[in-house]
Amino acid sequence: MSLSQAATTRSRDEVAAAIRTFTPADWARLKRVAAKYAFARPISPEDLIQEAFVRALDTRVCPSDIDVVKFLAEIIRSVADGEAEKVEH
């Protein structure tokens, strides 16, 4: 990771801290997104959220100008799309 990239992304600790401070509205939004993307797919909303947390803290990089809930919602969408592709093939 370059110095300019490090300055424009959140660290894992920053992402984890943001998750720990989610408001009830943040949780509701995340659950709503997960329910939407789990519909008609072979994965539960809870599993989508859990997988999003794992990826957010392990392999994904969150830009500092993107809200963490939005970042997680996009990971949820990506995971759900990947699960749907597995079923199709």
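Just so you know, these numbers use all the heavy atoms, side chains as well, and skip hydrogens, waters and symmetry mates.
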By the rule that ILVMFWY residues connect when side-chain heavy atoms come within less than 4.5 angstrom, directly or transitively, which residues belong alongside Phe53?
Val15, Ile19, Phe22, Trp27, Leu30, Val33, Tyr37, Ile43, Leu48, Ile49, Leu57, Ile66, Val68, Val69, Phe71, Leu72, Ile75, Ile76, Val79

Tell me, please, which residues at least two apart from Lys36 pass side chain to side chain donor-acceptor pair (under 3.5 Å).
none

Considering all heavy atoms, the nearest Pro45-Ala34 contact
O-CB, 3.5 Å

Can you name the salt bridge (charged side-chain N to carboxylate O under 4.0 Å, His left out) partners of Lys31, sequence neighbours left out?
none

Where at least one partner belongs to residues 44-54, residue pairs that pass salt bridge (charged side-chain N to carboxylate O under 4.0 Å, His left out), sequence neighbours excluded
Glu51-Arg55

Would you mind listing every salt bridge (charged side-chain N to carboxylate O under 4.0 Å, His left out) that reaches into residues 12-30, with sequence neighbours excluded?
Arg29-Asp67

Which residues satisfy the salt bridge (charged side-chain N to carboxylate O under 4.0 Å, His left out) test with Arg41, sequence neighbours excluded?
Asp81

Side chain Ser64, main chain Thr8, donor-acceptor under 3.5 Å
yes

Kindly write out the residues that satisfy side chain to side chain donor-acceptor pair (under 3.5 Å) with Gln50, not counting sequence neighbours, or none if the list is empty.
none

Report yes if the side chains of Ser78 and Arg60 come closer than 4.5 Å at any heavy-atom pair, otherwise no.
yes

